[in-house]
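In what follows, a single structure is set out as C-alpha cells and then discussed.
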2 protein chains.
Amino acid sequence: MAKTTLKSLAAALNMSVSTVSKALNDSYEISESTKQRVKEFANKLDYQPNVLAQSLKTGKTQTIGVILPKMTSPFESQILEGIQLTASALQYKVVIMSSMENEELERIALQSMVNKPIDGLLFCPIHERSNVDLAKQILNRTPMLIFDRTDYPLETHKVGVLNAEGTFGACKHLFEIRRKKVAIFCGSNQGITAKRLAGYRQAHQAFHVPLQQDYVVFCAINSVEELHLQMENHIVRLLALPDPPEAIIGSSDTITTHLLGVLAKLEIKVPERIAVVGFANTDLALSLNPSLTTIRQPAKDIGAISVRKLVETIHKSDRSQIEWEEINLPTSIQLRRSTIG
Amino acid sequence: MAKTTLKSLAAALNMSVSTVSKALNDSYEISESTKQRVKEFANKLDYQPNVLAQSLKTGKTQTIGVILPKMTSPFESQILEGIQLTASALQYKVVIMSSMENEELERIALQSMVNKPIDGLLFCPIHERSNVDLAKQILNRTPMLIFDRTDYPLETHKVGVLNAEGTFGACKHLFEIRRKKVAIFCGSNQGITAKRLAGYRQAHQAFHVPLQQDYVVFCAINSVEELHLQMENHIVRLLALPDPPEAIIGSSDTITTHLLGVLAKLEIKVPERIAVVGFANTDLALSLNPSLTTIRQPAKDIGAISVRKLVETIHKSDRSQIEWEEINLPTSIQLRRSTIG
DNA sequence: TTGTACGCGTTATCAA
DNA sequence: TTGATAACGCGTACAA
C-alpha cells in the first residue's frame with residue numbers, strides 16, 4: 001500500500017492539498033465541519049505527516065545534538081538521561097555523539113553536527129582548548145550550550161557545578177572529624193581539576209590548616225593498570241612521609257573508585273588509617289566496603305537545565321541580544337563509613 | 001549572509017543547478033574540468049548540502065533510532081556506546097529514547113519513532129509482553145532489531161547473550177572451588193532471569209549437585225532501601241537454615257552490587273563465609289573490597305553487532321526474504337577475591 | 001557534456 | 001471558506 005500523504009488524502013476527499021493541510025493544522029480559515037471530516041479520515045488512514053518535509057519547509061527539526069566525551073561513567077550517563085527526559089518532555093529528539101575523550105573524534109563529531117538537521121547543540125568539550133575554532137564557527141550557525149566542562153572560551157550559556165565548593169566541603173568535613181592532614185588525588189589536568197584543587201586550597205586557608213605540597217597528587221588515566229600502579233606508588237610514598245596524610249580526597253569518579261581498590265589491595269584500613277571521600281555519582285558507593293563518603297554532582301539536573309536553556313535560546317529570535325549565563329549547581333556530600341567509621 | 005545552496009552556487013558559477021549537483025556527486029556525465037571548478041568553488045564557500053532535502057529526496061536519513069529501558073547502568077551505557085561508535089563508523093546518526101522501564105513511556109517512545117525520520121530501529125523492550133502490537137506495526141514500516149531482552153515475540157533479528165551459559169559457568173566455578181551450596185538472588189521476573197535461572201539448574205544437574213528450592217530468592221527492585229531490606233531478610237533466613245549456602249550468585253548488575261553492600265553491613269565475611277559471584281559490567285568490580293568475581297556481558301559487542309545487523313537489513317531491498325537470526329554472545333567470567341579469597 | 005523540468009511532502013501566500 | 005501556486009533544497013530522467 002502506498003503511504004498516505006496530504007496529496008492522497010486530498011484526492012480521496014476531493015479537496016485541495018492546502019485545504020487538507022490547513023484543516024489538520026487547525027487553521028482558523030477552515031470550517032469546523034470540514035476540519036472534522038478531514039481529521040476523521042486522516043485518522044482512519046493513519047496519516048503520519050512526513051517530518052522531513054515539514055522540517056524542510058519550516059526550518060525547524062525539533063532535534064538537539066549532544067556531544068560528550070564518553071557515556072559509560074555514571075556521571076555522564078546520568079547527565080544524558082536528564083537530557084533525554086527533558087528533551088522528550090519538550091518534544092525534542094536527541095542525537096548523540098561521543099568524542100571518547102579524543103580530540104580528533106571530537107572534531108569529526110562537531111563537523112558532522114554542522115550540516116545535520118539539528119536546532120541546537122549541547123557540547124561537553126574534552127578540554128578547554130580542543131576544537132575551539134570549529135566550535136566558534138558552529139556557534140555562528142546554531143545555538144549551542146556548554147555543559148559540565150564549562151571552562152571553555154565560547155560566549156554562550158554554560159551549565160556546570162560548583163567544583164571548588166565540592167572539595168571545600170569535603171575538606172571541611174574532614175577537618176571537622178579531626179583529619180587535618182588531607183591529600184588529594186587528581187586526574188587529568190583540566191579546568192575542573194584546577195577548580196577542585198582551588199577549593200581544596202581555599203578550605204585549608206579558611207580553616208587555617210597548613211597546606212602541604214606533597215599531598216597534591218596527579219595521576220594519568222591511560223589504562224586501569226597504569227592508574228593502579230601510579231596510585232600504589234603515590235600511596236606508598238605518602239605513607240612513608242614523616243607526616244603521612246590521614247585522609248585522601250578523590251577528585252573524580254574514576255580516581256576515587258580506583259583509589260579504594262588500591263587501598264584495599266595494600267590492606268590499608270579505611271577509615272582507620274586513611275579516610276576517603278571522593279566525587280562519585282554511583283549508588284554503588286553505598287555498597288562499597290566500607291561504604292564511601294561521596295561528593296555528588298546533580299547530574300540529571302545538569303542535563304535537564306542544559307536542555308531547557310538551549311531550547312530557550314532556540315526559541316529566541318534575536319540571539320545577538322541574549323545575556324549569556326553561567327549556571328553552576330551545588331554539589332552535595334553524603335557521609336558514609338569511609339570517613340566516619 | 002545567505003546560506004550557500006546548490007542554487008546559489010549555480011548562479012555564481014553561471015551553470016545550472018543540476019550540473020552543479022552532478023558535479024558534486026561525481027557523476028560520470030560531467031567533465032573533469034567542470035567538476036574541479038565546481039568543487040573548488042563549493043569548498044571555498046563552505047557549501048554544506050541540506051541533509052533534510054537530501055533525505056526527502058532519497059528517502060534515506062542515515063539515522064537509526066534506539067529505545068532502551070534506561071541508560072544509567074554500566075551495562076546499558078556500554079551497549080549505547082557500542083551502538084554509537086559503530087553507527088558513527090557506518091555514517092549513521094543515533095537518536096535515543098529511554099523508556100525508563102515504564103510501559104507507557106515505552107509506548108510514547110515507540111509512537112514517536114514511527115513517523116520520525118529514521119531508517120531503522122534498535123529496540124530493547126522492558127519485558128516480553130510490553131507494546132507488542134505497536135512494535136509489530138512499526139516492524140511493518142521500518143527495519144527493527146531487538147537487543148538484550150530478546151525474549152520478545154517479534155520476527156526479526158535479535159542480539160543478546162547466552163544467559164544460561166553465564167550462570168552455568170558461575171555454578172561450575174563455585175562447584176570447582178568446593179562450594180556446592182549455592183544460592184541465587186534474582187531480580188524482576190523477566191525472560192532473562194528465567195534463562196539465568198535455567199543455567200543454574202542445568203549446572204546442578206550436570207554436576208550432580210542437589211538443588212535446593214530454598215536457595216532461589218527473588219527480590220523486587222522498587223527502591224534501593226526496599227531492596228536492601230529484602231536482601232537482608234533473605235540472607236538472615238538463609239544463614240539460619242540447617243544447611244546454609246556457602247555462595248551466592250547475583251543474577252544482575254543491580255542485585256549483585258547491592259548484595260555486597262548488604263553482606264558488608266551484616267559483617268558477613270566474603271568469601272570466607274559466603275562466596276559471591278555476579279553479573280556485573282563495571283570496572284569497579286576490581287575496586288570492591290573484596291574484589292568481585294563477575295560474569296561479564298559483552299555489552300559493547302551487543303551494541304556493535306546490533307547496529308551492523310540492522311544496517312545490513314536496511315540495505316536489503318527485499319526484506320520479506322530475510323532469514324531472521326538470533327545471535328547470542330558468550331559471557332566471560334573474571335575470577336577475583338570474592339570467590340577465590 | 002550540459003541544461004530543463006519535475007517531484008519528494010510540506011507550509012504559506014494570495015487569489016477566488 | 002476554499003483552492004491554485006510557489007517555495008524549501010535536492011536528485012534525476014530526459015532533452016538538448
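Note on naming: letters A, B, ... go to the chains in the order of the sequence lines (proteins, then strands), and numbering restarts at 1 for each one.
- The phosphate of dG11(D) (OP1 or OP2) has a side-chain N or O of Asn25(B) nearer than 4.0 angstrom.
- Heavy-atom nearest nucleotides on DNA chain C were determined for Lys22(A) and for Thr19(B), and the one closer to the 5' end corresponds to Thr19(B).
- Taking only side-chain nitrogens and oxygens, Thr5(A) never comes nearer than 4.0 Å to OP1 or OP2 of dG9(C).
- At a threshold of 4.0 angstrom between heavy atoms, the contacts of Gln54(B) are confined to the sugar-phosphate backbone, with no base atom among them.
- Note on ring orientation: taking the six-membered ring where Trp is involved, the planes of Tyr92(B) and His315(B) are tilted (angle from 30° to 60°).
- Looking at Thr63(A) and Pro117(A), their side chains never come closer than 4.5 Å, going by heavy atoms from C-beta outward.
- When rounded to the nearest whole Å, the span between CD of Gln48(B) and P of dC10(D) equals 11 Å.
- Backbone-only engagement by Thr34(B) is indicated by non-hydrogen atom pairs under 4.0 Å involving sugar-phosphate atoms exclusively.
- In this structure, CD of Glu29(A) is placed 12 Å from C1' of dT11(C), rounded to the nearest angstrom.
- Contact annotation: Lys7(B) side-chain N/O to dC8(D) OP1/OP2 distance is under 4.0 Å.
- Residues Glu103(A) and Ser130(A) bring no donor and acceptor atom of their side chains to less than 3.5 Å of each other.
- Nearest nucleotide to the Ser16(A) side chain, out of dT10(C), dA4(D), dT12(D): dA4(D).
- Taking every side-chain heavy atom of Ser18(A) into account, dT5(D) is the closest of dT5(D), dC8(D), dT2(D).
- Sequence order on DNA chain C of the closest nucleotides to Tyr28(B) and Lys57(A) puts Tyr28(B) first from the 5' end.
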